[in-house]
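Report on the structure given below.
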Amino acid sequence: MTARIGVVTFPGSLDDRDTQRAIRLAGAEPVALWHKDKDLKQVDAVVLPGGFSYGDYLRAGAISRFSPVMETLIDQAKAGLPVLGICNGFQVLTEAHLLPGAMLGNDHLHFICRDQKLRVENATTAWSSDYEAGQEIHIPLKNMDGRYVADAHTLDMLEAEGRVVFRYVDFNPNGSLRDIAGITNAAGNVVGLMPHPEHAVEPLVGTGRTDGLPFFTSILKKLVAAS
Amino acid sequence: MSLDTVDNAAQTPDVELPWAELGLKKDEYARVVEILGRRPTGAELAMYSVMWSEHCSYKSSKVHLRQFGEKAPQSDAMLVGIGENAGVVDVGQGYAVTFKVESHNHPSYVEPYQGAATGVGGIVRDIIAMGARPVAVVDPLRFGAADHPDTKRVLPGVVAGIGGYGNCLGLPNIGGEVVFDACYQGNPLVNAGAIGVMRHEDIHLAKASGAGNKVIMYGARTGGDGIGGASILASETFDEAKPSKRPAVQVGDPFQEKLLIECTLEAFAEKLVVGIQDLGAAGISCATSELASNGSGGMRVELDDVPLRDSTLSPEEILMSESQERMCAVVEPEKVDRFLEICEKWDVIATVIGEVTDGDRLEIFWHGEKIVDVDPRTVAHDGPVYERPYARPEWQDALQADDAGKLPRPATSDELKAQVLALVSSPNQASKKWITSQYDHFVQGNTVLAQPEDSGMIRIDEETGLGVAIATDGNGRFAKLDPYTGAQLALAEAYRNVATTGAKPLAISDCLNFGSPEDPAVMWQFAEAIRGLADGCLQLGTPVTGGNVSLYNQTGEAAIHPTPVVAVLGVIDDVARRTPVAFREEGQLLYLLGDTREEFGGSAWSQVVHDHLGGLPPQVDLERERLLGAILISASRDGMIDAAHDLSDGGLVQAVVESALLGDKGARLVVPDGLDAFTFLFSESAGRAVVAVPRSEELRFTDMCGARGLPVTRIGVVDGDAVEVQGEFALPLAELREAHENTIPALLA
Amino acid sequence: MARVVVDVMLKPEILDPQGQAVQRALPRLGFDGISDVRQGKRFELEVDGPVDDAALARIHELAESFLANTVIENFTVKVEELVAGAEK
Amino acid sequence: MARVVVDVMLKPEILDPQGQAVQRALPRLGFDGISDVRQGKRFELEVDGPVDDAALARIHELAESFLANTVIENFTVKVEELVAGAEK
Ligand SMILES: Nc1ncnc2c1ncn2[C@@H]1O[C@H](COP(=O)(O)OP(=O)(O)O)[C@@H](O)[C@H]1O
Ligand SMILES: [Mg+2]
């Protein structure tokens, strides 16, 4: 049996098909989920993909956060369903308060697209266990609103609890506090990050690296082991 | 005055309409009256005036554009040619590709962000209207002098607008150009191109057939956007009380357009659509008259059913509105419900606004009264055609006589070195990363090559690796020196760029940016450029699938350089075989393909070092381009080369520096026998490329070139961490990188 | 019909690069004497019914849960008198 | 020190996709009775000296030439009384 991983399409989602492809390449079964459906089709995990849901109008992720699918997702995530938010998905997760803090416009005020170096700080979450702690990887980054912000107390807590999962290395592309690229909730089942692992799964396209594949093999192994 | 109906027009032949204010000439208005056999209604006048404008009717350019058809090369690849929203090309394995380039020059000067954004929106709707999923965009751009204060206003806004719209649509930006020249100061050129992919059977056309079929408008509500003359009609002549303030600038809503893409593709997939047309320039006037005239039968439209953003709009204004993000589909009655359901699923407003009729008239109603009754062909296709006078300008001879070959050349190695640094750090030759990093290259997960590669490349089939490549090029300096040759050089360069990456060039699209057609000198440049392009396409076997003409790019008496921009589309059977620009391995041998002559007219060197424009542009030899292309494609397919870069602006040294910096590997060059170092480094002779050959492939590669008669010269080796020209100078990569990459940020950040 | 305005500004402790960019441009434009610039959002809501306390309370709730993200932003709600000709 | 506020809104005839997106979301959030939403920008300028007519005229000029693009936007300039505790 393989794992079934849902990918939510919001209006304006862009990387939903790419994420499905990455899930397939990792050996799991992608399941398309629709923002207007509360039904999660009994998937084993969910990815909120990148894009500009609702045009990123108001604030990135702010309108999607009130989608019917999110009502169910918020409950189930709190109950332990593995959820990965990539870029816009990360923004939805912070707006939904499944992850602390907030995302703001890049400090340089431009969209930025680059091959970004990251350090894996926590290799124990549902989505990072196929990495090793301290490992440095390159994952494409592309966003307008990638600046992670939280108050000092929250940041200290995240650091203390090992909940900073990925950190920017060599270059902070957006002014994120403490170079934070991705974080997790206390239980480790909900992870959000700005860079796009689904665009680093094939040697021929994108940056030509496959450093993103372990995201999807991490969750697959965990789910198959649990079943 | 109340509503101007068709009956009313017939009964009041003497009412004066403001045709001049709407941009019609006296004889054009007389022609409308003759066609209708009566005076037009206000609504009819609105339609004729926009559809017969230069922008929509191509009245100055049509007689010249015909050559693209007349001289079209035999090509099995062409599935849909000039005349539709975009041409369609067969790329094999049952796939078809549609692509086109359009200009949004003037709006981008007035409001850079929105002007450029809506330019992307417009070209993408043309692609959707053919039945294709858009897969990539490109953006050839030209601005005034890099250090001019207004460039700091225009460029960042344009780039943010192209990125803002394209990124939000989920379209990777895979190519384009950025050129600075004082001639574009008040007339930046913002051209935008898009590519779409579909299966052959999914090709859709803009035609309304089948009496009883419904006409559905969907997408954004109609507002008062971009209504020039119609407001005059509405407010001054017909209803004094109305506000005549209508926005001249349109604001784009990329999110709405993304929904349009998805909902249109879903309707196509369920085979719900008989005919389809996007709404761009001239809005409903254009969509209804083109749909009706291209199909069989007529059309009846209830204008009251058009969803409005501004309830005060008059029928004339509704007909002319250029509100963005709207489409029009023709759907069989029994499929209408399903079509509307799909629109609702995607939160897209959709309304039946009319139907296809038995007759051959386009009839439009407002409040139950008939306000338009025309033969749609006369609106859409029978616009005026001008044979504008043209004449070779008297200054052309003096310009060509001002030979760049006579400019002082560097006298010492130090001077040579300084000029190399000046070249690679000059705004036109410097890295454009500051700009291109504002564009998403990765979305859709199929980008094989993107900036700064010679061409952008997209995988279109995951199983087989089938891919397409596109490159856009244009050199206004060359075209100014000789428009015929300049247009061919643009074609040759784009063709070469595509072949350099390993793809076989199939077809082209173009965007022809010129000054005022009312100036005989400009008209001559235009005629010459088209003649050159058509002759070149015939010779290269690449048909013109469509394009766009932008005239009146002119401030007062001063026209821009004639700037034909050419986009070449190519196909590659397996993207795994693509050839990138970057040097990959030390020890690989560098070969120069083609002939190097003393050609400096219009060159980057003459501009950067001497601020000079004169002489003749490089010669064109299209047979040589074909041969070079064939060799590059074979070498890529058979794995004989690991890197390749075409030689164009800045010559060999520019190409080698770029490949070295991208791969972070240096190069040691030796000046070949028979050439001086200066000519070797800076000449811009066409038909050349530099390739990196693994030692194991050296013999096979040089034998192939020899056997096919392509000059091949060994010029050095990939090595070290500098670009060194033996006996002359060595420039460390770090120094080159700083020179190459810091210029644009320093100017714009 | 009345207009209610919701102003949303970043909290003072949050970096506002847009405001800073404006401020940095001022000397170039020949402006001095402006020591700080912050940029925020303004929402104009056209309310159908009467803007009584209940309506205002609901709009306050809307601002708190939706128009502003109170992790990073503050907001104010006010009823605007519609004075014709006030805009330039 | 005083605060001058420049509000910049899209002209009424210009499409406001952001405001529309907010408005369309309202019913889903259980809000009705709001017939239109427009979203604009609010600039808060901290002015060093006295905000006299000359200063206001200069800020007006700044708004016109820089803060707003008057092709598509209107703006208003007003001096704000700094009432402590007004923000939430
Ligand atoms: N420079 C050109 N070369 C070839 N075809 C052109 C050129 N300019 C315009 N055309 C063709 O003329 C037709 C009308 O052009 P256009 O008005 O730009 O299309 P649309 O109505 O889709 O915007 C199109 O098929 C276009 O491809
Ligand atoms: Mg079109």
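Numbers restart at 1 for each chain; the letters A, B, ... are given by sequence-line order, proteins then strands.
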* Name the region of C/Lys41, side chain, backbone, both or neither, that has any atom closer than 4.5 Å to a heavy atom of chain A. => side chain

* Inspect the surroundings of CD in A/Gln42 and state if more than 12 heavy atoms from other residues, nucleotides or ligands are less than 6.0 Å away. => no

* To do: Mind running side-chain contact (heavy atoms from CB on, under 4.5 Å) on A/His97 and C/Val71 for me, showing each step along the way?
  => CA-CA 10 Å; A/His97 306 301; C/Val71 174; 4.1 Å; yes

* Asked: C/Phe43 and A/Leu58: which non-hydrogen atoms are nearest, and at how many Å?
  -> CZ-CD1, 3.4 Å

* Identify which part of A/Leu104 has an atom lying under 4.5 Å from any heavy atom of chain C, answering side chain, backbone, both or neither. => side chain

* Can you see which heavy atom on C/Asn69 is nearest to which on A/Glu95, and at what distance? => ND2-OE2, 3.3 Å

* To do: Return yes if some donor-acceptor pair links the side-chain N/O of A/Arg59 with the main-chain N/O of C/Leu67 below 3.5 Å, else return no.
  => yes

* Heavy-atom distances under 4.5 Å only: say whether A/His108 touches chain C with side chain, backbone, both or neither. => neither

* To do: Assess whether atom CG of C/Asp53 is packed by more than 12 heavy atoms of other residues, nucleotides or ligands within 6.0 Å.
  => no

* **Over 12 foreign heavy atoms within 6.0 Å of NZ, A/Lys38** => no

* Structure fact -> Here the pair of heavy atoms bringing C/Pro17 nearest to A/Asp107 is CB-O, 3.3 Å

* Asked: For the residue pair A/Arg147 and C/Leu15, what are the closest heavy atoms and their distance?
  -> NH1-O, 3.0 Å

